[in-house]
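Note on naming: letters A, B, ... go to the chains in the order of the sequence lines (proteins, then strands), and numbering restarts at 1 for each one. Note that the coordinates shown come from a computational prediction; the quantities given were computed from them, not determined experimentally. Side-chain atoms are counted along with the backbone in the values below, which use heavy atoms only and exclude waters and symmetry mates.
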Amino acid sequence: DGGITQSPKYLFRKEGQNVTLSCEQNLNHDAMYWYRQDPGQGLRLIYYSQIVNDFQKGDIAEGYSVSREKKESFPLTVTSAQKNPTAFYLCASGGVAGTGTGELFFGEGSRLTVL
Amino acid sequence: AQSVTQLGSHVSVSEGALVLLRCNYSSSVPPYLFWYVQYPNQGLQLLLKYTSAATLVKGINGFEAEFKKSETSFHLTKPSAHMSDAAEYFCAVSPSGGKLIFGQGTELSVKP
């Protein structure tokens, strides 16, 4: 089945450790996105990529890093510089902005808890 | 600047009652509009979308929304709420197919 796979679903880490969240899609989408979700704050865009080997900062990129070496994959690293990393992280994919309707398809999310 | 406003962060209805979740948008170009639903600890699932065809859009699970350009609104309705409708709902706008802009979300509770 076509879709977006995020792993792990739940992740616990100690303060000061970097963690990497995986996102893989087999929808042949060019664009991929990472959002952070906190209670009562909606979705906030961390990073996005419209093409392999290129990505742009979103609204809250500080303390995060990404790579886009393959079309199918867009991993997110939460670094020790992120002051409050405990959150629910959502990966999404879609067509290149401006070429379609803008519809996004989402993964099931990864919940990161920093102890 | 483009934006989305969802009126009411929490809405509570009784089972069998009408569901009305409000969404207003601003866009300087023709918009595409979406409603997504999110169940606890899950990703977002598309409920329905407006892509400049019919202004009344029908989606999954008995939901529908009407695009009203004059009111810049895209309110979500369902005639009769079911317990399984309890979830968070997000309205989103894509100005001419550009990057999606989300509202803050509305949590729907359904009382038995």
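Two residues are said to be in side-chain contact when any heavy atoms from C-beta on lie closer than 4.5 Å; A:Y10 and B:N41 meet this criterion. Between B:Q38 and A:F88, the closest side-chain pair of non-hydrogen atoms falls below 4.5 Å. B:Y32 places none of its side-chain heavy atoms less than 4.5 Å from the side chain of A:E103. Within the 4.5 Å cutoff, no side-chain heavy atoms of A:F106 are placed close to those of B:L46. Under the 4.5 Å side-chain criterion, counting only non-hydrogen atoms from C-beta, B:L44 is not in contact with A:F105.
Heavy atoms closer than 4.5 Å to chain B are found nowhere in A:Q50, neither backbone nor side chain. In this structure, the portion of A:L45 lying under 4.5 Å from any heavy atom of chain B is its side chain and not its backbone. With a 4.5 angstrom heavy-atom cutoff, B:Q45 does not touch chain A via any of its atoms. Heavy atoms of B:K99 lying under 4.5 Å from chain A belong to its backbone as well as its side chain. Only the side chain of B:T51 comes within contact range of chain A, judged by heavy atoms closer than 4.5 Å.
Under a hydrophobic-cluster definition in which Ile, Leu, Val, Met, Phe, Trp and Tyr are linked whenever side-chain heavy atoms come within less than 4.5 Å, directly or via other members, B:I60 and B:L33 are assigned to the same cluster.
For B:S94 (side chain) and A:T101 (main-chain N/O), a donor-acceptor pair under 3.5 Å exists by modelled atom type.
Counting heavy-atom pairs under 4.5 Å between each of B:G103, B:G105, B:G98 and chain A puts B:G98 at the top. The most heavy-atom pairs under 4.5 Å with chain B, out of A:G109, A:G100, A:G40, come from A:G100. Ranked by non-hydrogen atom pairs under 4.5 Å with chain B, the options A:L90, A:I4, A:L104 are led by A:L104.
From A:E108, atom CD reaches atom OH of B:Y39 across 12.0 Å, with rounding to the nearest 0.5 Å.
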